[in-house]
Amino acid sequence: MTPTPRIGVLALQGDVREHVHVLGQLGADATPVRRPSELADVEALVIPGGESTTMDKLVRAFDLQQPLRDRIAAGMPVYGSCAGMIMLADRIVDARPDQQTLGGLDVTVRRNAFGRQVDSFEGDLHFEHLRDGEAHPLRAVFIRAPWVEEIGPAVEVLATVEDGPAKGRVVAVRQGNLLATSFHPEVSGDHRVHELFVDLVREARARSGD
Ligand code: GLN
């Protein structure tokens, strides 16, 4: 029997508890990560939504920036939602002047892309590789969300906005072991994005032969 995937949730800021809960429901061993020793103890990580400028400051204050960059470079599976997507992006538009990211994902992400006045909205998406994805679109909740403005050649687009003024905008991507969504699947009650990530973690482990 394969061991239970041990997945951390970066717990400096944002909606940590919801991700821990959903991952636990999917059979993962989910645990908050606040320090380098806790990061060393997990095989994969979720970076939750929140506020990327604050998260960036805390990542640096808690001496996690370099360890996170090293693990990402070494192929650790990471799923970033909303502010987490911004943290994974190599380039950001509309960043704070001193804002840094962890990087790893060859994309340009625009912060607060749907307009600052648009606090939150929901929409149905067709999301590649989701279980039952063709028959059942995913209800996506966007909260002051970014979108992906440019993608590098190794990046796969998993979902785009399907109607309204932002139609066609890229809101979910994957590059190797990195997965990112503009929206918050942890609040919708539909766990298929987390399920996709847990599968990715299991595949990464199978490939590494552990
Ligand atoms: N607007 C936030 C940022 O720039 C992201 C919002 C979210 O994570 N819900 O970090």
Side-chain angles (χ1 to χ4, degrees), residues 7-23 30 32-34 44-62 64-65 68-69 72 78-125 127 138-151 158-161 164-166 169-174 178-194 196-197:
I7 304 181
V9 179
L10 187 65
L12 302 175
Q13 193 252 348
D15 49 351
V16 175
R17 240 179 334 163
E18 292 83 346
H19 284 285
V20 170
H21 179 72
V22 175
L23 291 167
V33 166
R34 280 188 201 88
L45 188 73
V46 171
I47 306 181
E51 176 51 53
S52 59
T53 54
T54 309
M55 217 181 280
D56 164 43
K57 282 193 192 124
L58 293 172
V59 156
R60 289 191 261 166
F62 280 66
L64 276 165
Q65 190 190 56
L68 282 165
R69 285 180 172 169
I72 292 169
V78 185
Y79 165 46
S81 161
C82 203
M85 171 191 259
I86 297 170
M87 293 298 290
L88 285 177
D90 282 345
R91 298 167 296 279
I92 30 182
V93 179
D94 225 358
R96 286 267 188 84
D98 61 342
Q99 185 173 357
Q100 298 177 15
T101 70
L102 301 168
L105 201 52
D106 184 11
V107 297
T108 305
V109 161
R110 178 177 292 275
R111 289 183 61 225
N112 303 317
F114 294 88
R116 282 174 198 279
Q117 70 282 15
V118 185
D119 245 24
S120 120
F121 64 97
E122 299 184 20
D124 286 340
L125 300 176
F127 194 115
L138 181 77
R139 189 82 184 151
V141 178
F142 296 83
I143 305 166
R144 302 207 320 118
W147 66 44
V148 178
E149 213 149 275
E150 288 170 353
I151 61 167
L158 300 179
T160 57
V161 176
R169 291 294 181 178
V170 174
V171 290
V173 289
R174 175 177 176 180
L178 303 179
L179 175 70
T181 65
S182 301
F183 52 87
H184 287 256
E186 75 284 4
V187 300
S188 66
D190 185 333
H191 298 166
R192 286 178 294 168
V193 174
H194 289 84
L196 189 69
F197 182 60

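Numbering of ligands and ligand atoms starts at 1, following listing order.
Which parts of ligand 1 touch Ile143 is read off a 4.0 Å heavy-atom cut-off, strictly below it: atoms 6 (C), 7 (C), 9 (N). Atoms of ligand 1 found under 4.0 Å from any heavy atom of Gly49 (numbered from 1 in listed order, with element): 8 (O). Taking every heavy atom of Glu51 and a limit of under 4.0 angstrom, the matching atoms of ligand 1 come to 2 (C), 3 (C), 4 (O), 10 (O). Of all the atoms in ligand 1, the ones that sit under 4.0 Å from a non-hydrogen atom of Ile86 are 3 (C), 4 (O), 10 (O).
The shortest non-hydrogen separation linking Pro48 to Asp15 is CB-OD1, 3.5 Å.
Judged by the shortest distance from any of its heavy atoms, His184 lies inside the 4.0 Å radius around the atoms of ligand 1.
Glu186 and Arg17 are not joined by a salt bridge, as no carboxylate oxygen comes within less than 4.0 angstrom of a charged side-chain nitrogen.
The aromatic rings of His19 and His194 are tilted relative to each other, their planes meeting at an angle between 30° and 60°.
Enclosure of atom CZ in Arg60 by more than 12 non-hydrogen atoms of other residues, nucleotides or ligands within 6.0 angstrom is indicated.
Side chains of Arg91 and Asp106 form a contact here, defined as non-hydrogen atoms less than 4.5 Å apart.
Residue contacts with ligand 1: Arg144 is placed with a nitrogen or oxygen under 3.5 Å of a nitrogen or oxygen of the ligand (distance criterion only). Ligand 1 has an N or O atom lying under 3.5 Å from an N or O atom of Arg111, backbone or side chain.
If you check which protein heavy atom lies closest to atom 1 (N) of ligand 1, you get Asn112 OD1, 2.7 Å. Here the heavy atom of the protein found nearest to atom 10 (O) of ligand 1 is Ser52 N, 2.5 Å. Looking only at protein heavy atoms, the nearest one to atom 7 (C) of ligand 1 is Cys82 SG, 2.7 Å.
One distance of note links CZ of Arg96 with OG of Ser52; it measures 8.5 Å at 0.5 Å rounding.
For the side-chain contact (heavy atoms from CB on, under 4.5 Å) with Val173, the qualifying choice from Leu179, Leu158, Leu178, Val148 is Val148, the only one to do so.
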| task | Start with the C-alpha distance between Val193 and Tyr79, add both sets of side-chain angles, then the distance that settles side chain to side chain contact (heavy atoms under 4.5 Å, CB included), and finish with yes or no. | result | CA-CA 9 Å; Val193 174; Tyr79 165 46; 3.8 Å; yes
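Comparing Gly14, Gly50, Gly80, Pro146 by heavy-atom distance to atom 5 (C) of ligand 1, the nearest is Gly50.
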